[in-house]
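Quick caveat, the model's predicted, so the values are computed rather than measured.
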Amino acid sequence: MKPIHAIPPALALVAALLWNLPPWRAIQALEANSLSLRERLDAARVPAAREVRETRETRETRETTVQEVNATREAKPIDWRYLAAQVRLSVKSNSSESVDEQAWYAFSERLEEMTREQLLTALDQIAALGLEPEVRAKLEEAFVEPLVEKDPQLALTRFADRIRDDPDGIGSELAPALTAWAKQDLTAATDWFGQALATGVFESKTLDGRSNARLEFEAALAGVLLATDPAAVDRRIAELPEDQRAETLQQIQVSELTPAAQKDCIELIRRLLPVDERVGPFASAFYELIPDGDYQKAAAFLDGIQATPEERAIAAGMAAGSRLDAIAEKRNVTRDDVAATREWLTRQAPDTADRLMGEALGSASTEG
């Protein structure tokens, strides 16, 4: 509160006394106190004005300092060889403990602030150092996320060769780029993916021909297509080998879908997978949507998708375990908690309620 707007306690007392005095004495009291009142108000204005002036000067000084620091940081070139040496130590020791954390943190912050053009220039600088392939790949891996945020199409085209050559490094981090690009231009992103499949970008080096990167990208594209063309997702998943469909569906980020698309995703699981393979994808989708085991939310979700008895049993057990785990992390599980859980399980999965109750209590006991 500004001083000029506050009534000091002494002045408030004067006001109360004046209210109870006879008129002629009140006038005398007013005259006697008018000078004091003016002096107090003037005294209040001076610190207030000084405070405003100092606040403005402090803010301007701080802004100038921040600008100078940023300008200095931008002007100072990144020591790529030092960072490369840090990566080399990490690779050699197979541990990140030997890395200069402060330098690496500053480097990561710098990357987040770079423009698209600055990121490309930095990548060209790294390429010109003649580093060992593994060290260069580790350095470039730090560029993927900021580049995806600024230009997902460029991130894919720039690192497309790494999808096959470095599937566990940069290749594994590019699926979100396809999601981001598809949200901007679904046709162009789908065409790129189709061409990449045709030209061997996702060709696997394993004996069984399985490409985990391909499944990640299929799930990334499916998450966008479900909102506009569920039939296209159905066709794409159906074209995959049967032993790869469940894993692909399990990687779809269901929590980012609309309620209608979530239902379509559950329908895909039911339609494309045999009963014994549905548990993983359905359990993953349920936990992603209701990680805290809220019984009311869980019931609404199950009713909304018209869950089968098998699905209700899976969801009921997961919700019970999650709910009791969450309680046990904060306090002791009480009889009332157990009674509420048993009532929930009995209503959702009467045939397996006892077993699910035991599993939920066993899980909660590990939380103390």
Sorted by first residue and then second, give each salt bridge (charged side-chain N to carboxylate O under 4.0 Å, His left out) pair with at least one member in [range]; sequence neighbours left out.
range: residues 269-280; value: Asp234-Arg271, Glu267-Arg270, Arg270-Glu311
range: residues 145-157; value: Arg116-Asp151
range: residues 342-352; value: Arg342-Asp354, Glu343-Arg347

Pairs under 3.5 angstrom only: tabulate donor-acceptor contacts from the side chains of residues 248-255 to other protein residues two or more places apart or in another chain.
from   : atom 1 : to     : atom 2 : distance (Å)
Thr248 : OG1    : Gln244 : O      : 2.8
Gln251 : NE2    : Glu247 : O      : 3.4
Ser255 : OG     : Glu288 : OE2    : 2.7

- Message: Restricting to side chain to side chain donor-acceptor pair (under 3.5 Å), what partner residues turn up for Gln348, sequence neighbours left out?
- Response: Arg312

- Message: Restricting to side chain to side chain donor-acceptor pair (under 3.5 Å), what partner residues turn up for Glu140, sequence neighbours left out?
- Response: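 With neighbours one apart ignored, the set is Arg136, Arg162.
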
Of all residues at least two apart in sequence or in a different chain, which pass the side chain to side chain contact (heavy atoms under 4.5 Å, CB included) check with [X]?
X: Ala160; result: Trp192
X: Arg164; result: Glu203, Lys205
X: Val201; result: Ile163, Ala196, Thr199

Run the side-chain donor-acceptor check on residues 171-183: report pairs under 3.5 Å with partners two or more places apart or on a different chain.
from   : atom 1 : to     : atom 2 : distance (Å)
Ser172 : OG     : Asp168 : O      : 3.4
Ser172 : OG     : Gly169 : O      : 2.7
Thr179 : OG1    : Ala220 : O      : 3.4

- Qualifying residues under ring pair (Phe, Tyr, Trp, His ring centres under 6.0 Å), relative to Phe202, sequence neighbours excluded: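 For Phe202, the residues satisfying ring pair (Phe, Tyr, Trp, His ring centres under 6.0 Å) (neighbours in sequence not counted) are Phe193, Phe217.
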
- Message: Applying salt bridge (charged side-chain N to carboxylate O under 4.0 Å, His left out), can you list everything that pairs with Glu359, at least two apart in sequence or on another chain?
- Response: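 Glu359 satisfies salt bridge (charged side-chain N to carboxylate O under 4.0 Å, His left out) with Arg355 once adjacent residues are dropped.
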
